[in-house]
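Encoded as structure tokens, the structure appears first; notes follow it.
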Amino acid sequence: QVQLVESGGGLVQAGGSLRLSCAASGRTFTNYVMGWFRQAPGKEREFVAGISRGGSSISYADSVKGRFTISRDNAKNTVILQMSTLKPEDTAVYYCAADQTIVIFTSPSAYDYWGQGTQVTVSS
């Protein structure tokens with residue numbers, strides 16, 4: 001089992017920044033690809049960003065490229081999503097997820113463990 005706890009969400013004006021953190025506990029953190037997903041009301045959960053176990057490979061959704069940065073600190077069992085130039089359409093609940101694999105999958109069904117989510121609201 002892997003336990004994931006997100007933090008850092010909140011309300012921000014368009015153009016602003018937020019930093020989301022995900023703290024992992026349980027099994028060996030470096031065995032897992034880590035991903036960030038989001039789900040807006042009435043919409044399906046979608047991939048935002050993913051990072052490989054060692055951090056050398058990263059993938060982003062086209063909608064966040066150039067604005068969001070994912071990183072991980074394997075010594076602290078933490079994955080970070082730095083979000084900048086936020087837009088109202090970024091409003092969603094953001095989830096951290098872990099997948100015991102070596103490939104960054106973009107489908108939520110590939111991920112084994114999920115956090116409880118943190119709300120991000122971007123006002124116009």
Side-chain angles (χ1 to χ4, degrees):
Q1 285 280 359
V2 174
Q3 292 77 43
L4 303 172
V5 179
E6 303 97 335
S7 60
L11 173 64
V12 64
Q13 288 189 331
S17 299
L18 278 176
R19 183 175 183 266
L20 304 184
S21 296
C22 173
S25 61
R27 295 192 174 176
T28 305
F29 185 61
T30 51
N31 286 346
Y32 296 88
V33 164
M34 299 300 297
W36 283 98
F37 290 77
R38 67 187 181 187
Q39 188 166 19
K43 295 188 176 181
E44 294 187 350
R45 192 168 297 188
E46 64 175 2
F47 175 80
V48 174
I51 187 166
S52 62
R53 297 186 294 182
S56 61
S57 180
I58 287 174
S59 179
Y60 295 101
D62 288 343
S63 58
V64 307
K65 279 181 182 176
R67 301 189 298 121
F68 291 11
T69 301
I70 188 172
S71 61
R72 66 190 293 164
D73 185 336
N74 286 341
K76 297 181 179 179
N77 290 0
T78 301
V79 61
I80 301 295
L81 186 67
Q82 179 67 48
M83 307 185 294
S84 61
T85 320
L86 283 161
K87 304 175 181 180
E89 51 263 44
D90 293 319
T91 295
V93 177
Y94 283 71
Y95 298 90
C96 173
D99 182 14
Q100 192 170 8
T101 183
I102 59 173
V103 177
I104 300 172
F105 289 104
T106 60
S107 171
S109 62
Y111 288 73
D112 304 304
Y113 302 101
W114 293 85
Q116 81 289 349
T118 185
Q119 177 70 47
V120 171
T121 303
V122 184
S123 63
S124 57

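- Using a 4.5 Å cut-off between side-chain heavy atoms of Ile, Leu, Val, Met, Phe, Trp and Tyr, with links allowed through other members, Tyr111 and Leu4 fall into different hydrophobic clusters.
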Start with the C-alpha gap between Arg38 and Val64, add the side-chain angles, then the distance that decides, and say whether side chain to side chain contact (heavy atoms under 4.5 Å, CB included) holds. CA-CA 12 Å; Arg38 67 187 181 187; Val64 307; 4.0 Å; yes
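- With rounding to the nearest 0.5 Å, the separation of CE in Met83 from CG in Leu18 is 4.5 Å.
- To the nearest 0.5 Å, the span separating CE on Met34 from CD1 on Ile80 amounts to 10.5 Å.
- Taking every heavy atom of both residues into account, Leu81 and Ala49 meet most closely at CD1-CB, 4.2 Å.
- Taken together through direct or relayed side-chain contacts under 4.5 Å among Ile, Leu, Val, Met, Phe, Trp and Tyr, Phe105 and Trp114 form part of one hydrophobic cluster.
- Put simply, the side chain of Arg72 gets close to the backbone of Phe29: a donor and an acceptor are under 3.5 Å apart.
- Side chain to side chain, Thr28 and Thr30 fail the donor-acceptor criterion of an N or O pair below 3.5 Å.
- Looking only at distances, no side-chain donor or acceptor of Tyr94 sits under 3.5 Å from a matching main-chain atom of Gly8.
- In terms of hydrophobic clustering, with Ile, Leu, Val, Met, Phe, Trp and Tyr side chains grouped at heavy-atom distances under 4.5 Å, Val122 and Phe68 are assigned to a common cluster.
- Taking OG1 from Thr91 and CD from Glu89, the interatomic distance works out to 8.5 Å, rounded to the nearest 0.5 Å.
- Between Phe37 and Phe47, the gap from one ring centroid to the other is short of 6.0 Å.
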Checking side chain to side chain contact (heavy atoms under 4.5 Å, CB included) for the pair Thr118/Leu20: CA distance, chi angles, key distance, verdict? CA-CA 8 Å; Thr118 185; Leu20 304 184; 4.0 Å; yes
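- Counting only distance, with no hydrogens or angles, the side chain of Glu6 and the backbone of Cys96 share a donor-acceptor pair below 3.5 Å.
- For the atom pair OG of Ser52 and CG of Asp99, the computed distance is 12.0 Å after rounding to the nearest 0.5 Å.
- Within the 3.5 Å criterion, the main-chain N or O of Ser107 finds no donor-acceptor partner in the side chain of Ser109.
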Assess whether side chain to side chain contact (heavy atoms under 4.5 Å, CB included) is satisfied between Val48 and Tyr60, documenting all intermediate values. CA-CA 6 Å; Val48 174; Tyr60 295 101; 6.0 Å; no
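- Other residues, nucleotides and ligands contribute over 12 non-hydrogen atoms within 6.0 Å of the CG atom of Leu11.
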Would Ile70 and Trp36 satisfy side chain to side chain contact (heavy atoms under 4.5 Å, CB included), going step by step from the backbone distance to the final call? CA-CA 8 Å; Ile70 188 172; Trp36 283 98; 3.6 Å; yes
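- In this structure, Lys87 does not pair ionically with Asp90, as no charged nitrogen and carboxylate oxygen lie closer than 4.0 Å.
- Rounding to the nearest 0.5 Å gives a distance of 7.0 Å between OH of Tyr32 and CG of Asp112.
- Between the CD1 atom of Ile51 and the CD1 atom of Ile58 there is a distance of 4.0 Å, given to the nearest 0.5 Å.
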